[in-house]
Amino acid sequence: MRLVFLGPPGAGKGTVSSVINAEKGIPVIVMGDILRKEVAEQTELGKKAHEYMKKGELVPDDIIIGIIEKVLKEGNWNKGFILDGFPRSLRQAQALDEILKSMGLQLDKVVLLDVPEEVAVERLSGRRICPKCGAVYHVKNMPPKVEGKCDKCGAELIQREDDKPEVIRNRFRVYQNAIKPVIEFYMNKGLLVKIKGNRPVEEIVKEILE
Ligand code: AP5
């Protein structure tokens, strides 16, 4: 399956796609992780992207489209893929269509994971991530076995820079402003599937796989 996961910050896109990756072996392309790696390595691209990310703004389309084109064209997608966090604007969605067309591929489904803003804010405020292996936890909903330590690799867990309350609210506003035309674009193509994200992860995964 070639899938796109849309949804507001904190909808659970990353959590659900990593479970599907573990169960089905479908590779996940996480735009946020690609950008955070560039930021951590202080590359030119990372420095530029950081200016937008720390405020919860979208990184400009030209940069994002350049990244996704390179990733898709250089990868092996025999097992399909899940795009998490891309596209987030109509221009990105149209560019994705063109890139896939040039590779002789097309999307199978676009999953819109939706949660109310208050749920997402609570989730993001309690989110902790592993800076080493990328595993995601929540202090209440999905705590690690040992407080503050990653179950998978033992590294010290951290809070994301953009998971501060004021930045979370702005990420929400930015998402609401940009996503409507993307949803319409995929609805018109008959690809959109809406899934309620305010439920246990296993239920969401089951419904998506069905
Ligand atoms: P990105 O990293 O993609 O952030 P986001 O879209 O805001 O999404 P999140 O990663 O915050 O949420 P998620 O839905 O994956 O939730 P998660 O599974 O972690 O992007 C960051 C920034 O990069 C953007 O702001 C922008 O600047 C830039 N960027 C990225 N892509 C871009 C693009 N295409 N164009 C332009 N700029 C771009 O879950 C959240 C928490 O909830 C976790 O703690 C988890 O444990 C918990 N949780 C998850 N599911 C459940 C559940 N069902 N029940 C209870 N708790 C749950």
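Indexing begins at 1, ligand by ligand and atom by atom, following the structure's order.
- The residue among I168, N141, V119, V19 with a heavy atom at the shortest distance from atom 55 (C) of ligand 1 is N141.
- Rounding to the nearest 0.5 angstrom, the gap separating the CG atom in D62 from the CZ atom in R91 is 4.5 Å.
- For the residue pair R127 and V136, the shortest heavy atom distance occurs at CD-CG1, 3.8 Å.
- Only the side chain of L124 comes within 4.0 Å of ligand 1, judged by heavy-atom distances.
- Within the model, atoms CZ of R128 and NE2 of H138 stand 8.0 Å from one another, a figure rounded to the nearest 0.5 Å.
- Residue nearest to atom 7 (O) of ligand 1, selected from H138, R171, R160: R171 (by heavy-atom distance).
- Which parts of ligand 1 touch Y137 is read off a 4.0 Å heavy-atom cut-off, strictly below it: atoms 43 (C), 44 (O), 46 (O).
- K48 contributes no side-chain N or O that, together with a main-chain N or O of T43, makes up a donor-acceptor pair within less than 3.5 Å.
- Regarding atom 29 (N) of ligand 1, its nearest protein heavy-atom neighbour is L35 CD1, 3.5 Å.
- In terms of protein heavy-atom proximity, atom 16 (O) of ligand 1 is closest to G12 N, 3.3 Å.
- For the pair D151 (side chain) and K145 (backbone), a donor-acceptor distance under 3.5 Å is present.
- Distances from atom 10 (O) of ligand 1 to the heavy atoms of R199, K13, R127 show the closest one on R127.
- If you number the atoms of ligand 1 from 1 as listed, the ones under 4.0 Å from a heavy atom of A11 come out as 14 (O).
- The two residues K13 and D84 come nearest to each other via the heavy atoms CB-OD1, 3.6 Å.
- In terms of heavy-atom proximity, N141 sits nearest to R123 at ND2-CG, 4.2 Å.
- Taking any N or O of G10, backbone or side chain, at least one lies under 3.5 Å from an N or O belonging to ligand 1.
- The closest protein non-hydrogen atom to atom 37 (N) of ligand 1 is V59 N, 3.0 Å.
- Residue-ligand proximity, G14 to ligand 1, at heavy-atom distances under 4.0 Å covers atoms 13 (P), 15 (O), 18 (O).
- Summarising the geometry, atom CG belonging to N198 is positioned 10.5 Å from atom CD belonging to E203; distances are rounded to the nearest 0.5 Å.
- When R123, E203, K196 are ranked by how near their heavy atoms come to atom 50 (N) of ligand 1, first place goes to R123.
- Proximity annotation for atom 23 (O) of ligand 1: of R128, M53, Q92, E57, M53 comes nearest, heavy atoms only.
- Those atoms of ligand 1 with a heavy atom of R36 less than 4.0 angstrom away are 2 (O), 21 (C).
- With atom 1 (P) of ligand 1 as the reference point, the heavy atom nearest to it among K140, R91, M31, R88 is part of R88.
- Near V136, meaning under 4.0 Å from one of its heavy atoms, ligand 1 places the atoms 19 (O), 43 (C).
- Atoms of ligand 1 lying under 4.0 Å from any heavy atom of I204, numbered from 1 in the order shown and given with element: 53 (N).
- Near T15, meaning under 4.0 Å from one of its heavy atoms, ligand 1 places the atoms 17 (P), 18 (O), 39 (O), 45 (C), 49 (C).
- Between K140 and E147, no side-chain nitrogen of the basic residue sits less than 4.0 Å from a carboxylate oxygen of the acidic one, so the salt-bridge criterion is not met.
- At a threshold of 4.0 Å, the pair E210-K206 counts as salt-bridged, since one of the basic side-chain nitrogens sits closer than that to a carboxylate oxygen.
- Side-chain atoms of D108 never come within 3.5 Å of backbone atoms of L3 as a donor-acceptor pair (strictly under, hydrogens ignored).
- The structure places CG of L35 at 7.0 Å from CG of L45, a figure rounded to the nearest 0.5 Å.
- In this structure, the protein non-hydrogen atom closest to atom 57 (C) of ligand 1 is M142 CE, 3.3 Å.
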